[in-house]
Amino acid sequence: MTEIEIKEIREAISAADDALTYLRSARRYLDSAGNWGLLDMFGGGLISGLMKHSKMGDAEREINNARYALQRFSKELRDVSGYSSIHINDFLTFADFFFDGFVADILVQSKIGEGKRQCDDAIRQVESIKLELENRLRG
């Protein structure tokens, strides 16, 4: 393996680490939003509603950061032979969740759950490719 190949793999691994940082942070905020959402559904009041929306805003910020990090990861992967690209288009698109009422709260819980599943899928995908890259460096 040439020095250039090693450099490209290391850059891709670094980009994977950045993406994973944001994805994991988003996942934690989604967990927290889900917990506050449950409390809100069962009569938690104004504070639980505000906390839920705050955590959802935090999660959305981290997902936007993850989008940029995943774009960089995709770019870096294209520089590594054997990888064409990773498809991240329309990754974790968020709608406007900020509704009131019990039915809307159930919908929000569903959206939070879907967001968590998408984060988990993206984390697994990035971790898998990162492991392949690390194995190539050792190889």
Side-chain angles (χ1 to χ4, degrees):
M1 191 176 314
T2 69
E3 286 299 314
I4 292 174
E5 290 171 319
I6 291 170
K7 176 184 170 279
E8 297 298 347
I9 290 171
R10 286 188 177 141
E11 288 174 352
I13 290 170
S14 175
D17 285 337
D18 289 345
L20 288 168
T21 296
Y22 290 119
L23 288 166
R24 289 176 179 139
S25 178
R27 180 62 162 85
R28 283 189 300 274
Y29 283 123
L30 287 167
D31 278 340
S32 182
N35 292 337
W36 282 108
L38 285 174
L39 181 60
D40 191 35
M41 277 175 38
F42 295 107
L46 178 66
I47 298 296
S48 62
L50 291 173
M51 290 303 296
K52 173 184 68 178
H53 293 304
S54 172
K55 297 302 178 185
M56 289 172 67
D58 292 337
E60 189 171 6
R61 182 192 68 239
E62 290 302 286
I63 286 166
N64 283 328
N65 290 335
R67 276 191 195 114
Y68 293 114
L70 287 165
Q71 289 170 357
R72 179 176 155 243
F73 179 47
S74 181
K75 178 193 166 298
E76 295 298 342
L77 266 184
R78 284 191 295 272
D79 294 340
V80 175
S81 71
Y83 291 93
S84 59
S85 82
I86 146 175
H87 305 287
I88 304 178
N89 297 337
D90 301 322
F91 175 71
L92 294 176
T93 303
F94 277 82
D96 183 7
F97 299 134
F98 304 97
F99 304 107
D100 289 321
F102 186 76
V103 173
D105 285 339
I106 291 172
L107 293 175
V108 169
Q109 287 302 108
S110 172
K111 294 290 185 180
I112 290 170
E114 179 60 24
K116 291 191 312 190
R117 282 188 293 283
Q118 289 180 3
C119 274
D120 290 343
D121 290 346
I123 288 167
R124 279 191 295 278
Q125 183 180 13
V126 172
E127 285 176 340
S128 173
I129 293 170
K130 180 185 170 199
L131 183 62
E132 288 175 19
L133 294 168
E134 289 171 340
N135 288 337
R136 280 179 80 172
L137 275 182
R138 289 187 207 106

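Everything numeric here is computed off the predicted structure, so don't read it as measured data.
- Atom CD1 of I129 sits about 9.0 Å away from atom OG of S74, to the nearest 0.5 Å.
- When the side chains of ILVMFWY residues are joined at heavy-atom separations under 4.5 Å, either directly or via intervening members, I13 and Y68 end up in two distinct hydrophobic clusters.
- Ion pairing of K130 with E127 is absent here, as no side-chain N (NZ or NE/NH1/NH2) approaches a carboxylate O to less than 4.0 Å.
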Take R136 and E132, measure what salt bridge (charged side-chain N to carboxylate O under 4.0 Å, His left out) needs, and give me the verdict at the end.
-> CA-CA 6 Å; R136 280 179 80 172; E132 288 175 19; over 6 Å; no
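- Salt bridge status for D31 with R28: absent, with no side-chain N to carboxylate O gap under 4.0 Å.
- The structure places SG of C119 at 11.0 Å from CG of L20, a figure rounded to the nearest 0.5 Å.
- Under the 3.5 Å distance criterion, the side-chain polar atoms of T21 are matched with a main-chain donor or acceptor of D17.
- With values rounded to the nearest 0.5 angstrom, L77 atom CG is found 10.5 Å from E8 atom CD.
- Note: E60 CD to I63 CD1 = 7.5 Å, rounded to the nearest 0.5 Å.
- I9 places a side-chain heavy atom less than 4.5 Å from the side chain of M1.
- Checked by atom type, the side-chain pair R61/N64 shows no donor-acceptor distance below 3.5 Å.
- Note that CE of M56 is 5.0 Å distant from CD1 of I112, once rounded to the nearest 0.5 Å.
- The same ILVMFWY cluster, assembled from side-chain heavy atoms under 4.5 Å apart, contains both I6 and F73.
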Go through the steps to decide whether N135 and R138 satisfy the test side-chain contact (heavy atoms from CB on, under 4.5 Å), and finish with yes or no.
-> CA-CA 5 Å; N135 288 337; R138 289 187 207 106; 2.6 Å; yes
Salt bridge (charged side-chain N to carboxylate O under 4.0 Å, His left out) assessment of R117 paired with D120 | CA-CA 5 Å; R117 282 188 293 283; D120 290 343; over 6 Å; no
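- By the rule that hydrophobic residues join a cluster once side-chain heavy atoms approach within less than 4.5 Å of another member, V80 and V126 end up as members of one cluster.
- Summarising the geometry, atom CG belonging to D58 is positioned 8.5 Å from atom CE belonging to M51; distances are rounded to the nearest 0.5 Å.
- Listed here is the closest heavy atom pair of Y22 and E62: CD2-OE1, 3.4 Å.
- Only one option out of R72, K75, E76 pairs with E11 in a side chain to side chain contact (heavy atoms under 4.5 Å, CB included); it is E76.
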For L23 and R27, what are the C-alpha separation, side-chain angles and deciding distance, and is it a side-chain contact (heavy atoms from CB on, under 4.5 Å)?
-> CA-CA 6 Å; L23 288 166; R27 180 62 162 85; over 6 Å; no
